[in-house]
Amino acid sequence: MGTKLAKSLSLAVKSVKYTRGSFNFPGVQPSPHRSFSEEVSTLDSYFGELGSGSKAYVMGSPTESKKWHVYSACAERANRPLYTLEMCMTGLDKERAEVFYKSRAGSAAEMTKISGIREILPGSAICDFEFDPCGYSMNSIEGDAISTIHVTPEDGFSYASFEAMGYSDKEVDLGHLVERVLKCFRPAEFSVAIHSDGCVEESGWGGPLALKGYVCRERICQDLGRGGSVVYQSLRVGGGGSECGSPRSILKCCWEEREDESVE
Ligand SMILES: C[S@@+](CC[C@H](N)C(=O)[O-])C[C@H]1O[C@@H](n2cnc3c(N)ncnc32)[C@H](O)[C@@H]1O
């Protein structure tokens, strides 16, 4: 995998990060995605010896069904902090989701425009793609920064993801960026995970998100050693937020512990 490819190019792997939310349908995932423990074992077979070893966490309190999974292995700290923003959105507003049906918008370019996606990062160059009969993906680039969006608009299991890497707290206001993304999809629930090679919590992107119409369910900060840090926040429409939980380390000996990844 990555290590072999790097060696064939006379390069060495410096750092590895694998993250994901909770699967909507955990029971139908193929190997090695049947559990996070299995994913970690597979990743460790390639990267487990990198630096001082890997770190793996399931972030989210026991009362929350949705978790954030993080695997990190790092040989050395990066010279400058690189920020990654990941948003997972479920329960998309039906009207907003309809935009991603070919019957409604004929082309990917049209979907990009009428959904509001074009306004999220206005300076970026977008390569978009529409699926038949529905669904949408785009990749974009802006200088050193990239972003990507994938939309599954089907009612009952609608989902959209937004990921951006290379933008920083100095140039982009996180609250405004997240608001522009939310405007496109109006999800009932969503999470925001920010990773940086430095300390996210002390950066301009590390504070609690205050977004009109949404309440925070939980907010968790996790240090990843040489791998930097992650701030994970989970929000939902309206009231009824829950208390913040603590991250649960599943390092090494604890991997066989089964986690309940099902989503109600
Ligand atoms: C945005 S795509 C997922 C893209 C993602 N990069 C992937 O490869 O899984 C998911 C949406 O496209 C629709 N779709 C239609 N044809 C598809 C295909 N051949 N492969 C994946 N999704 C497809 C799905 O029903 C869903 O609404």
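In listed order, ligands and their atoms are each counted from 1.
- At a distance under 4.0 Å, a protein heavy atom can be found next to atom 16 (N) of ligand 1.
- The residue Phe100 has no part lying near ligand 1, judged by heavy-atom distances below 4.0 Å.
- Of the protein's non-hydrogen atoms, the one nearest atom 10 (C) of ligand 1 is Thr152 OG1, 3.4 Å.
- Scanning the protein for heavy atoms near atom 13 (C) of ligand 1, the closest one is Cys134 O, 3.1 Å.
- Protein heavy atoms are absent from the space less than 4.0 angstrom from atom 8 (O) of ligand 1.
- Protein heavy atom at the shortest distance from atom 20 (N) of ligand 1 is Phe131 CE2, 3.9 Å.
- In this structure, the side chains of Phe162 and Val178 stay at 4.5 Å or more apart for every pair of heavy atoms.
- Near Gly135, meaning under 4.0 Å from any of its heavy atoms, are these atoms of ligand 1: 11 (C), 12 (O), 27 (O).
- Side-chain contact between Leu85 and Tyr167 is absent, with no heavy-atom pair separated by less than 4.5 Å.
- Salt-bridge annotation for Glu119 and Lys183: absent, with no side-chain N of the basic residue lying under 4.0 Å from a carboxylate O of the acidic one.
- The protein heavy atom nearest to atom 25 (O) of ligand 1 is Glu154 OE2, 2.6 Å.
- Taking only nitrogen or oxygen atoms, main chain and side chain alike, Tyr136 does not reach within less than 3.5 Å of ligand 1.
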_Apply side-chain hydrogen bond (donor to acceptor under 3.5 Å, both in side chains) to residues Thr112 and Tyr136 and explain how you reach the verdict._
CA-CA 9 Å; Thr112 301; Tyr136 169 93; 2.7 Å; yes

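- In terms of protein heavy atoms, atom 5 (C) of ligand 1 is closest to His150 ND1, 4.1 Å.
- Ring orientation note: the planes of Phe36 and Tyr18 are close to parallel, at an angle under 30° on the 30°/60° scale.
- With ligand atoms numbered from 1 in the order given, ligand 1 contributes 15 (C), 16 (N) to contacts under 4.0 Å with heavy atoms of Asp132.
- The aromatic rings of Tyr232 and Trp68 sit parallel to each other, their planes meeting at less than 30°, with 60° as the upper class boundary.
- In Glu49, the CD atom is not crowded: 12 or fewer heavy atoms of neighbouring residues, nucleotides or ligands sit closer than 6.0 Å.
- With a 4.5 Å cut-off on side-chain heavy atoms, Met87 and Leu182 count as touching.
- Shown in contact with Ser137 at under 4.0 Å from a heavy atom are these atoms of ligand 1, numbered in order with element: 1 (C), 4 (C).
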